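For reference, the structure is listed below as structure tokens.
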Protein chains: 2
Amino acid sequence: MSSAESRPTTRADVARLAGVSTAVVSYVVNDGPRPVASATRRKVLDAIRELDYHPNPSARALKTGSTGLIGVVVPEILNSYFSEFVDAIDVAARSQRKSILLSITHEDSGTEAEVIPNLVRRGVDSLIFNCRLVNAELYQAGDARTPRVLLDRADLVGGIPALGADLGQGARLATEHLAGHGHTRIGYIGGPLPADRQDYRRQSWHDVLTERGLPVPAPAITAWRPTGGFEGVRELFAGPETPTAIFAASDQIAIGAMHALHQLGLRIPDDVAVVSLDGTAETAYSWPPLTTVRQPFEAMAEAALAELASGSVTAPTERERVLFPMTLLLRASCGCREQEGLG
Amino acid sequence: MSSAESRPTTRADVARLAGVSTAVVSYVVNDGPRPVASATRRKVLDAIRELDYHPNPSARALKTGSTGLIGVVVPEILNSYFSEFVDAIDVAARSQRKSILLSITHEDSGTEAEVIPNLVRRGVDSLIFNCRLVNAELYQAGDARTPRVLLDRADLVGGIPALGADLGQGARLATEHLAGHGHTRIGYIGGPLPADRQDYRRQSWHDVLTERGLPVPAPAITAWRPTGGFEGVRELFAGPETPTAIFAASDQIAIGAMHALHQLGLRIPDDVAVVSLDGTAETAYSWPPLTTVRQPFEAMAEAALAELASGSVTAPTERERVLFPMTLLLRASCGCREQEGLG
DNA sequence: TTGAAAGCGATACCAT
DNA sequence: ATGGTATCGCTTTCAA
């Protein structure tokens, strides 16, 4: 294969230099399963250092049946929402000495069908789906024993364990905060959801309004992106009864909504207050800075890894839905803060 | 190791079922290196399908010495600038049937020193550094034969091939555009650069102003983040001679700068026009939408992969600097466009 | 065209 | 405590 170049050192080289067997090298490297006399261990460690030896990961994986790789599937990465997850997963994975194999589907069914089996072929130990797949069968790709988890929502979809933020509680937080500011006409802009998923965000918004005896305007259901927020504002401001506050079901929507509000010449929060959901980093830099309800990305990522590590293959229907509480981030768009400098 | 559960099928199972040797299975799977009679091939393919056989990637990697993995190192992922690269690299890698092993350093030297050797240990075939490392020795981590490239800048740093956007040309585009709008007091906000790197952006800005006989105000050198833009505006507007246009050396800076301008009650672009550099996706949704000079992320990622695939280990000093032209994206912040709806 | 078999590098059992 | 060695699954040379 390779020419006259020096081959990378193997455990045999180390064994030779240290004057021990390859088994002992293994015991030292892996700190087990057999004990090694400390003098011998020294020799081995010295040899390892001298030769700059690094165990071959493929050989190890072949033998142990584990690669230490976690496949992470996201629909896109240019959306901070998913970047937040990837960032959190990366940190959590590192603390477990795992590495992440990232795949981006671009929400395309062809790409999905290509990358997911590919991840499996690469021998990932486990899979994190941070997205809704177009083709639900792919949730089951590969060996049934490969642990997998749906990170993003707590709905039981695709027949696998799932965990996500408590969107209902988060939406309640947001809506109540707006109501607390004295707003009585609080509009809602959200995106569409497949029939099998409950819209907790919209539901909580609705619940809070009715609980408080406030009128419930028609919600604007558009798209989960800035354009959706833009259109949403157009809808909400088309009629005579315009809202004085808006609960945007995602940061992306809020960003588009604020765009539309600026264009209409409405001041935020003076004319219209805005609160959104997700709490991605970019909301700190929007104009005005967004008050938003943040998902506990770090905690969710850690929990996802823990779930995978547990290797539980419990049927999801038997499991509790695992929900993570969201927290309110107060900034300027709701009227709480002056529009100060940047942190 | 595993208990009574059925082991995953191996090529031996396939060979048995198809009634051929394992070598033939290999020939079929790999389409070589020996030809196989079409009747035999059929039998093998049928057996593969029936057993749902998937070659073990670790065994293959062990034998071939190649994992098909590309290590990608970014300083952060919550910054769209790097998301753009990761997205582009992912696409380019997929087209080469490679997978990306992502690591985020958080610009921390400890994390750097942990994740890069880890990538190497995992047996990546090649490395893409999409960041400046705190510890320059790490550029050389692992086997010297592992191809690696610095993607982001064309400076020859760390002793490895590098490629990046033509920042000088991009900055010229931006500055000339502002001048073309009739501005005569064009400020500059940028971040600090290590002593060994030329500041092409600032230089081009300077060049354009002098070429046109325009006054060259003191540039604001702050930080490559929104806070830097914020402070930069404070600086530029501290004196009596305030600019009517700002060239922000990055999108992040521009976002922070617009924040400060909004706070000062200045209208964009009427009172102050803004043009930035990078062209990340989020600039379409800022308020107002940013006119920016975009880096050709896709082309750069493709070139990086091509460079790695070529396996050239040419000493970087002997290489031409590879520069990619940037393109102007016209939006509202410069005054070119009305502040219309969202795409 | 196909089969037998020698490794790739590491692990861990069975001896000693 | 340490050494010898079978084995993981695949690739590919050498023989047939």
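Convention: sequence-line order gives letters A, B, ...; per-chain numbering from 1. No experiment lies behind these values; they were computed from the predicted model shown.
Among the protein residues, A:Thr22 comes within range of the nucleic acid bases, having at least one heavy atom under 4.0 Å from a base atom. Nucleic acid contact for A:Val20: sugar-phosphate only, since backbone atoms but no base atoms lie under 4.0 Å from a heavy atom of the residue.
The distance from atom CG of A:Leu62 to atom P of D:dG9 is 7 Å, rounded to the nearest whole Å. The CG-C1' distance, from A:Asp31 to C:dT11, rounds to 15 Å in whole Å. One can place CG of A:Asn56 at 14 Å from C1' of D:dC10, the figure rounded to the nearest angstrom. In this entry the distance linking CZ of A:Arg11 with C1' of D:dG3 reads 12 Å, nearest Å. D:dT2 atom C1' lies 18 Å from atom CZ of A:Arg16, rounded to whole Å.
Without hydrogens or angle criteria, B:Arg97 side chain to B:Ser95 main chain gives no donor-acceptor distance under 3.5 Å. Proximity of a side-chain donor or acceptor of B:Ser83 to a complementary backbone N or O of B:Ile77 within less than 3.5 Å is detected. Checking side-chain atoms of B:Thr40 against main-chain N and O of B:Val36 turns up no donor-acceptor pair under 3.5 Å.
Nearest nucleotide to the side chain of A:Val24, out of D:dT2, C:dA10, D:dC10: D:dT2.
Look at B:Arg60 and you won't find any side-chain N or O under 4.0 angstrom from OP1 or OP2 of D:dG9. Remark: A:Thr10 is not in phosphate contact with C:dG9, judged by side-chain N or O atoms under 4.0 Å from OP1 or OP2. Here A:Asn30 reaches the OP1 or OP2 of C:dT11: one of its side-chain N or O atoms lies under 4.0 Å away.
Interface remark: the A:Lys63 side chain does not form any donor-acceptor pair with the C:dG9 base, using a distance-only criterion of under 3.5 Å.
Of the residues in residues 35-43 of chain A, A:Pro35, A:Val36, A:Ala37, A:Thr40 come within less than 4.0 Å of DNA chain D through at least one heavy atom, sorted by number.
Within a 6.0 Å radius of CD in A:Gln96, other residues, nucleotides and ligands contribute more than 12 heavy atoms.
The minimum heavy-atom distance between A:Ala281 and A:Glu84, with the atom names listed, is N-OE2, 2.7 Å. Here the closest heavy-atom approach between residue B:Gln295 and residue B:Ala165 is recorded as OE1-CB, 3.2 Å.
The side chain to side chain contact (heavy atoms under 4.5 Å, CB included) with B:Pro55 is formed by just one residue from the set B:Ile48, B:Thr10, B:Val29, B:Asn30; it is B:Val29.
Remark: B:Arg148 does not engage B:Asp125 in a salt bridge, criterion side-chain N to carboxylate O under 4.0 Å.
Contacts of A:Arg49 classified as salt bridge (charged side-chain N to carboxylate O under 4.0 Å, His left out), with partners at least two apart in sequence or in another chain: A:Asp46.
Comparing A:Ser21 and B:Ser58 by the nucleotide of DNA chain D whose heavy atom lies nearest to each, the residue mapping closer to the 5' end is A:Ser21.
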For nucleotides 13-16 of chain C, give me every protein contact, N/O to N/O, under 3.5 Å, one pair per line with atom names.
unit_1 : atom_1 : unit_2  : atom_2 : d
C:dC13 : N4     : A:Tyr27 : OH     : 2.4

